[in-house]
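Worksheet for the structure shown next.
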Amino acid sequence: MVGRRGTRRLVAVLGAGLLLTIGLQACSSDDNKPVSLTVNASEPSADQFKLDLPASMDGGVVKIDFKNTGKQAHELQLVHVKDGTTPDQFTKDVLEAQDAPIPDYLLGAGGVGAIGPGQSATTTQKLEPGSYIYFCSLGDGDAVHYKHGMLGSLKVDGDKGKGDLPKADASVKAREYGFDLSGLKAGSNTVSFENTGKEFHHAVIAPLAPGTTFDQAKAAMSAPPDQQTGPPPIEFDKAASLSVLTPGGNLVQTNVSLSKGTYVVLCFLTDKTGGPPHFTKGMFQELDIS
C-alpha cells in the first residue's frame with residue numbers, strides 16, 4: 001500500500017532493485033518442465049512477517065506460485081547478487097539509500113508483484129545460478145516489511161528448470177523512458193513483462209482517484225516536495241505491479257487483476273548512476289481499461 005510516504009519509500013527502495021513477503025517451498029522439476037515453488041506470505045503477529053525460504057533451490061526456468069495469507073499487501077522480490085553480498089550490505093546500499101547509484105554487485109532481479117490479502121499470483125521466469133537476496137519493501141518508516149522478517153539470502157543451483165514461459169494475453173515492455181502496452185483489459189490478465197532498456201525497470205499500474213484526471217495526477221507527482229500538500233490522487237493501495245527486471249529480463253505473471261477505469265503506469269526506479277526516478281523522465285503513462 002503506497003501513499004505519499006510510501007511513494008517516497010518506493011523511490012528510495014526501488015532506486016536499485018527490490019521487493020516481498022513470503023513462505024516458500026521448492027519442488028523438483030521433471031524433464032522439460034519448470035521448477036515449481038509454492039510461496040506463502042504470512043503474518044505471525046501485527047509487527048512480524050514470516051518468510052519460510054529454503055537455503056537453496058534449483059535454478060533454470062522457475063514457476064513461483066505466490067499466495068498471500070496475511071492481512072496486508074505483499075510482494076516477492078528476488079535480487080541476484082555477487083557471491084559474498086550480505087543482506088545487511090544490500091540493505092545499507094540499496095534499501096536505505098536515497099537516489100544512490102545501483103551497486104555493481106547487483107546482477108539481476110525478478111519475483112512477483114504486490115498482491116492483496118487473500119490473493120494469489122504466479123510468475124514464471126528464468127533464475128540464473130548464484131546468490132540471491134529476497135525482501136519486501138512495502139510499508140512505511142520503521143514498519144517497512146524487510147525490517148520485520150522479510151529479508152534474507154538464498155542460493156540458486158544449476159539450471160534444472162526447463163521449458164518456455166507460458167503464453168500471455170497482454171504485454172508490458174519497459175524502456176528508456178516509457179512503456180509499450182498492449183492487451184490489458186478488465187478482469188484477470190496474464191502479462192508478459194519485458195525490460196527492453198538498458199536500466200532497471202518495474203511497472204506499477206494504479207487507478208486514478210475518482211473524479212481525477214491524468215493531468216492532475218501528473219502535476220501532483222511532478223510538484224517539488226515543498227509544494228506538495230497531500231498524497232497524489234492515485235489509488236496506490238489498489239495497484240497491480242510487475243517486479244523489477246534487469247536489462248533484457250522477462251517474465252510472465254498471471255492474475256494481474258484490473259477494473260474498468262483510467263490508470264497510470266509508472267516506474268519509481270532510478271538510473272544505475274542514481275538521480276531522479278524514471279516517472280519524472282516519461283515513465284508515467286495513462287492507460288484506459290475497458
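In this structure, Thr273 OG1 and Ile102 CD1 are separated by 8.5 Å, a value rounded to the nearest 0.5 Å. The CG atom of Leu151 sits 11.5 Å away from atom OG of Ser137, with the distance rounded to the nearest 0.5 Å. Summarising the geometry, atom OG belonging to Ser257 is positioned 11.0 Å from atom CD1 belonging to Ile205; distances are rounded to the nearest 0.5 Å. Glu43 contributes atom CD, which lies 7.0 Å from atom NE2 of His145 (distance to the nearest 0.5 angstrom). One finds the CG atom of Asn250 at 10.5 Å from the OG atom of Ser171 (value rounded to the nearest 0.5 Å). Between the CD atom of Gln285 and the CZ atom of Phe179 there is a distance of 6.5 Å, given to the nearest 0.5 Å.
The two atoms that bring Pro247 and Gly197 nearest to each other are CB-O, 3.3 Å, heavy atoms only. In terms of heavy-atom proximity, Phe284 sits nearest to Phe279 at CB-O, 3.6 Å. The minimum heavy-atom distance linking Ser56 with Asp157 is given by the pair CB-OD2, 3.7 Å. Residue Ala240 comes nearest to Val256 through the heavy atom pair CB-CG1, 3.9 Å, listed as atom of the first residue, atom of the second, then distance. Residues Pro210 and Glu235 approach most closely at CD-OE2, 3.7 Å, considering heavy atoms. Considering every non-hydrogen atom in both Ala100 and Ala97, the closest pair reads CB-CB, 3.7 Å.
Among Leu106, Thr246, Leu154, the one residue that satisfies the side-chain contact (heavy atoms from CB on, under 4.5 Å) test with Val79 is Leu106.
Using a 4.5 Å cut-off on side-chain heavy atoms (C-beta onward), Met57 and Val62 make contact. Residues Pro101 and Lys272 are not in side-chain contact: their nearest non-hydrogen atoms beyond the backbone lie 4.5 Å or more apart. Residues Tyr263 and Glu286 form no side-chain contact, since every pair of their non-hydrogen atoms from C-beta on lies 4.5 Å or further apart. Looking at heavy atoms from C-beta onward, Pro207 lies in side-chain contact with Lys238 at the 4.5 angstrom threshold. Using a 4.5 Å heavy-atom threshold, the side chains of Thr212 and Ile234 count as separate. With a 4.5 Å cut-off on side-chain heavy atoms, Leu245 and Phe200 do not count as touching. Taking the side chain as every heavy atom from C-beta outward, Phe193 and Val252 never approach each other to under 4.5 Å. Residues Leu208 and Val264 meet the side-chain proximity criterion, which asks for heavy atoms closer than 4.5 Å.
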> Stepwise, does the side chain to side chain contact (heavy atoms under 4.5 Å, CB included) test hold for Thr91 with Gln89?
Replying inline: CA-CA 5 Å; Thr91 297; Gln89 181 181 5; over 6 Å; no
>> Assess the residue pair Lys260 and Asp288 against the criterion (salt bridge (Lys or Arg N to Asp or Glu O under 4.0 Å)); give the C-alpha distance rounded to whole Å, side-chain angles, the decisive distance to 0.1 Å, and a yes or no.
In response: CA-CA 8 Å; Lys260 292 182 180 180; Asp288 290 322; over 6 Å; no
> After noting the C-alpha distance and the side-chain angles of Glu199 and Thr270, does the key distance pass the side chain to side chain contact (heavy atoms under 4.5 Å, CB included) rule?
Replying inline: CA-CA 8 Å; Glu199 302 287 346; Thr270 68; over 6 Å; no
>> Set out, in order, the CA-CA distance, both residues' side-chain angles and the distance that settles side chain to side chain contact (heavy atoms under 4.5 Å, CB included) for Leu287 and Phe214, then state yes or no.
In response: CA-CA 9 Å; Leu287 172 66; Phe214 174 78; over 6 Å; no
> Could you go step by step and tell me if Thr124 and Leu251 meet the side chain to side chain contact (heavy atoms under 4.5 Å, CB included) rule?
Replying inline: CA-CA 6 Å; Thr124 305; Leu251 57 79; over 6 Å; no
> Between His74 and Phe49, is a ring pair (Phe, Tyr, Trp, His ring centres under 6.0 Å) present by the stated rule, with each step listed?
Replying inline: CA-CA 10 Å; His74 294 303; Phe49 308 115; 5.6 Å; yes
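A continuous path of Ile, Leu, Val, Met, Phe, Trp and Tyr side chains, each step under 4.5 Å between heavy atoms, connects Tyr105 with Leu269, placing both in one hydrophobic cluster. A continuous path of hydrophobic side-chain contacts links Val191 to Ile289 [ILVMFWY only; heavy atoms under 4.5 Å]. Val204 and Met283 sit in two unconnected hydrophobic clusters of ILVMFWY residues. Membership requires side-chain heavy atoms under 4.5 Å apart, directly or through other members. Both Leu258 and Leu181 belong to a common hydrophobic cluster when Ile, Leu, Val, Met, Phe, Trp and Tyr are linked at side-chain heavy-atom distances under 4.5 angstrom. The same ILVMFWY cluster, assembled from side-chain heavy atoms under 4.5 Å apart, contains both Val244 and Leu95.
Judged as a side-chain hydrogen bond (donor to acceptor under 3.5 Å, both in side chains), and not counting sequence neighbours, Thr86 has no contacts. Residues that satisfy the side-chain hydrogen bond (donor to acceptor under 3.5 Å, both in side chains) test with Lys281, not counting sequence neighbours, are Asp271.
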Could you give the side-chain donor-acceptor pairs of residues 110-123 under 3.5 Å, partners two or more places apart or in another chain?
residue : atom : partner : partner atom : Å
Gln119  : OE1  : Gly116  : N            : 2.9
Thr122  : OG1  : Asp65   : OD1          : 2.7
Thr123  : OG1  : Gly111  : O            : 3.4
Thr123  : OG1  : Gln253  : OE1          : 3.4

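Between the side chain of Asn68 and the backbone N or O of Gln72, at least one donor-acceptor pair lies under 3.5 Å. No donor-acceptor pair under 3.5 Å is formed between the side chain of Thr85 and the backbone N or O of Val81. Gln48 places no side-chain N or O within donor-acceptor distance of the main-chain N or O of Ser45, the cut-off being under 3.5 Å. Remark: the backbone N or O of Thr190 is paired with a side-chain donor or acceptor of Asp169 at under 3.5 angstrom.
For the residue pair Glu176 / His201, a side-chain donor-acceptor distance below 3.5 Å is found, with atom types taken as modelled.
Salt-bridge check for Asp159 with Lys126: failed, with every basic side-chain N at 4.0 Å or more from each acidic carboxylate O. Of the charged side-chain nitrogens involved, at least one lies within less than 4.0 Å of a carboxylate oxygen, so that Lys155 and Asp83 count as a salt-bridged pair.
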